[in-house]
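Comments concern the structure below.
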Number of protein chains: 2
Amino acid sequence: MKKTSIKDIAKHLNVSVPTVSLVMNGRGDEKRISQETQKKILDYAKAQNYKPNVFAKGLKKGRSEMIGLIIPNISDVFYARIASRIEKEAAKQGYTVIYSSSEESGKKERELIRSMLDRQVEGLIIASTQKNEVDILELKRMNFPFVLVDRHYPNIETDYVIVDNKGGTDKAVSHLLSCGMTKIGFVTLTPELDAIKNRFLGYKSALENHGIAFNPGYVQELNVENYEQEMYGAIDRLINSEPPIDSILFTTHFLTAFGLRELRARQIRVPEDVKIISYGQYSVFDLIEPPITAVTQPVLDMGDQAVDILLGKLKGRSNENSQVVLETDFISRKSCCDER
Amino acid sequence: MKKTSIKDIAKHLNVSVPTVSLVMNGRGDEKRISQETQKKILDYAKAQNYKPNVFAKGLKKGRSEMIGLIIPNISDVFYARIASRIEKEAAKQGYTVIYSSSEESGKKERELIRSMLDRQVEGLIIASTQKNEVDILELKRMNFPFVLVDRHYPNIETDYVIVDNKGGTDKAVSHLLSCGMTKIGFVTLTPELDAIKNRFLGYKSALENHGIAFNPGYVQELNVENYEQEMYGAIDRLINSEPPIDSILFTTHFLTAFGLRELRARQIRVPEDVKIISYGQYSVFDLIEPPITAVTQPVLDMGDQAVDILLGKLKGRSNENSQVVLETDFISRKSCCDER
DNA sequence: CACAACAGCCAAATCGTTTTGGCAAATAAG
DNA sequence: CTTATTTGCCAAAACGATTTGGCTGTTGTG
């Protein structure tokens, strides 16, 4: 039960291989193959369930109809949802996705980029570690189609789809201030990623705009590799700070979860003793006690747009760079001053 | 800056194409190519950063070094974690993963299987919709390497890695019974999947083993497409049943989340009025009020073993079927009678 | 009726590998 | 000094498609 090839079809119908190829690619009319012959070929091909060999096609045309997706970690809900959307959109347009996780390692990211290029993907969507300026520049230099998603390199001109991180934390802080909180702790990651830096900027600028002095002691930066251990000390320092904090803004969904565990362990009540807001969310944040007020990111939109831009480039539409910054949403719940 | 091909290398070094090919594939010694020539070739290849063209290679060898992963939905944490593990393990052994979501549609699943075969994947890992007996049989008939994960076809002999669903719910019910609960509601999906059927069997057999009569009115089956809407009625019927339930076992993580929302909306207190247990979990179940007692599934293990079995087959190790049933874990928290 | 134009198809080259079946020169054996 | 063996390499075919540049035979034009 070998797969039927173009040659089999040609032989069986007493036509030449090129004729079959042309017809199968819809170029029969253009090349003046008679309707009769065309029909004969198409019918037989369908009957035999003929599928062109992707390798032969790829070899000849240099096109693979695959795109590569490189993300830090697909088991994170956030990236999983982006990936899901990307796969769905790409499939609609006939592209298959191959994915790999960089695990926040610049080295791994670089290997993945290379290996995907070796596999002849036609384009890349990357949520970069941002430790890899060289490779991004190289991709750019090669004029290879790619789109950065969620994380971009601020000083390289590329296509990207990101979130207004600064606006997001600004919203959160403004909300806290409007509840009368002024001693706002900020639990974040070490600012390697631009997104994280911007979340800090949003925090700072919101304070500034409301005339509240910035207290560096309120800022706790944890290492992404080790935040579970470091959370203990961070919360410790915040509640023992002078003056003690009255609220905390966590900059990622997982920081919020671990921070909350730590607060609970110390019997600190939320929101009575300390109000909290999360930048980023889990789907069950509404079920937590208290339900968590959160800034949410437009995950699905991000996936959709990334694919759109990439496929647009592949299909030759538009050559200029698309730089999309999506706005966050804000869900007010009980962990802050809201009674909803 | 065209990519260097084997031909370029051959020409530059005044050797023949086959010589280069053999050396690059480590068959130089076997084919008695002198060390000198070998070194020359390897050095130049490295210098030119030569990478074989995957299409040409694939065309000739019929091997793609890709495996396909078909899951219902990659944005579900459960499958995302499996996928993450599969990708990682496969990468270690030089395989690339292409994935697609079937969205619980048998038709889509069948298309995906075909399209992945067209793409010449060497093997498949499938968390099947179980609506596709024909295709699975066909794969078997073709002797195509594949492993079912999480969901299998009980009456087809295949390789699979699944979870002891029955044992899981048995544990849960036994725990409830040991807390003195005897009127146990069972909120589940319509039993299309074998896994869901087995969760029901575990429920029933645990009751039986403890001499508790089975009350069909306690069983609520929701449609997976529409469970959010149907949850309202389900909870309604359970609390108005005769006698009213004292506890509920939900059979998936998302049913638990929606069920809990519904209980809250009616001001039913957990665990005071109704105790609940979840089969399956979210990572933040400990933060919910009350923290949710849950049966947890060995997700990572499942991914690991699936890849192991598949790659084992691809590499010709072992020909018999591997049928792995993994045990669940149980985490006791406050939503049940435990005070932890 | 000669020639041009067109309809309808095909031969051969090509993409970059791998694999089979050698062949020439050097060395060893008799 | 033959003959056999080994060493070191290569030519050519093959994988399955696409593409270029034709080549026939029919129809139309002057």
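Here the structure is a predicted model, which is why all the values come from computation and not from measurement.
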Query raised in the report: From D/dG16, D/dA11, C/dG16, pick the nucleotide closest to the side chain of B/Ser16?
Result: D/dA11
Query - A/Thr19, nearest nucleotide to its side chain (from C/dT17, C/dC10, C/dT19) - result: C/dC10
**Report entry** With sequence neighbours excluded, residues passing salt bridge (charged side-chain N to carboxylate O under 4.0 Å, His left out) with B/Asp29
**Finding:** none
Query raised in the report: Which part of the nucleic acid does B/Pro18 contact within heavy-atom distance under 4.0 Å: base, sugar-phosphate only, or nothing?
Result: base
Query - Check: C/dT18 base within 3.5 Å donor-acceptor of B/Lys61 side chain - result: no
Requested in this report: Would you mind telling me which of D/dC10, C/dC9, D/dG8 lies closest to the side-chain atoms of A/Arg32?
Outcome: C/dC9
Query raised in the report: If you check the B/Ile33 side chain, which of C/dA11, C/dT18, D/dC9 turns out closest?
Result: D/dC9
Query - Modelled atom types, side-chain donor and acceptor of A/Thr96 and B/Arg119, under 3.5 Å - result: yes
Report task. Round to a whole Å and report the spacing from NZ of A/Lys60 to C1' of C/dC15. Result -> 5 Å
Query raised in the report: Is it true that A/Lys131 and A/Glu109 make a salt bridge, defined as a side-chain N closer than 4.0 Å to a carboxylate O?
Result: no
Query raised in the report: Is it true that B/Lys3 and B/Asp8 make a salt bridge, defined as a side-chain N closer than 4.0 Å to a carboxylate O?
Result: no
Query raised in the report: With the threshold set at 4.0 Å, does a side-chain nitrogen-carboxylate oxygen contact exist between B/Glu111 and B/Lys108?
Result: no
Query - Nearest-angstrom distance from the residue atom CD of B/Gln120 to C1' of D/dC15 - result: 11 Å
Report task. Mind calculating the distance between CZ (B/Arg27) and C1' (C/dT20) to the nearest angstrom? Result -> 10 Å
Report summary line: Walking DNA chain D from its 5' end, the first of B/Ala56 and B/Gln35 to be reached, judged by nearest nucleotide, is B/Gln35
Query raised in the report: Of the nucleotides C/dC9, D/dA17, C/dT18, which has the atom closest to the A/Ser34 side chain?
Result: C/dC9
Report summary line: Residue pair A/Asn14/B/Asn53 against DNA chain C: nearer the 5' end by closest nucleotide is A/Asn14
Query raised in the report: Looking for any heavy atom pair under 4.0 Å, which part of the strands does A/Val17 touch: base, sugar-phosphate only, or nothing?
Result: base
Query raised in the report: B/Val15 has a side chain; which of D/dG16, D/dC10, C/dT17 sits nearest to it?
Result: D/dC10
**Report entry** Residue whose nearest DNA chain C nucleotide is more 5′ - B/Leu22 or B/Leu59
**Finding:** B/Leu59
Report summary line: Applying side chain to side chain donor-acceptor pair (under 3.5 Å) to B/Arg151 and not counting sequence neighbours gives B/Tyr79, B/Glu104
Query - Distance in angstrom units between B/Lys31 NZ and C/dG22 P, rounded - result: 13 Å
Query - Separation of C/dC10 C1' from A/Lys11 NZ (nearest whole Å) - result: 16 Å
Query raised in the report: Hey, does A/Arg63 reach any base, or is it just sugar-phosphate, or nothing, if we go heavy atoms under 4.0 Å?
Result: nothing
Report summary line: Taking for A/Phe55 and for B/Thr37 the nucleotide of DNA chain D with the nearest heavy atom, the one nearer the 5' end belongs to B/Thr37
Query - Value in whole Å for how far the C1' atom of D/dA11 lies from NZ of B/Lys7 - result: 14 Å
Query raised in the report: Which is true for B/Ser21 with a 4.0 Å heavy-atom rule: it touches a base, it touches only sugar-phosphate, or it touches nothing?
Result: base
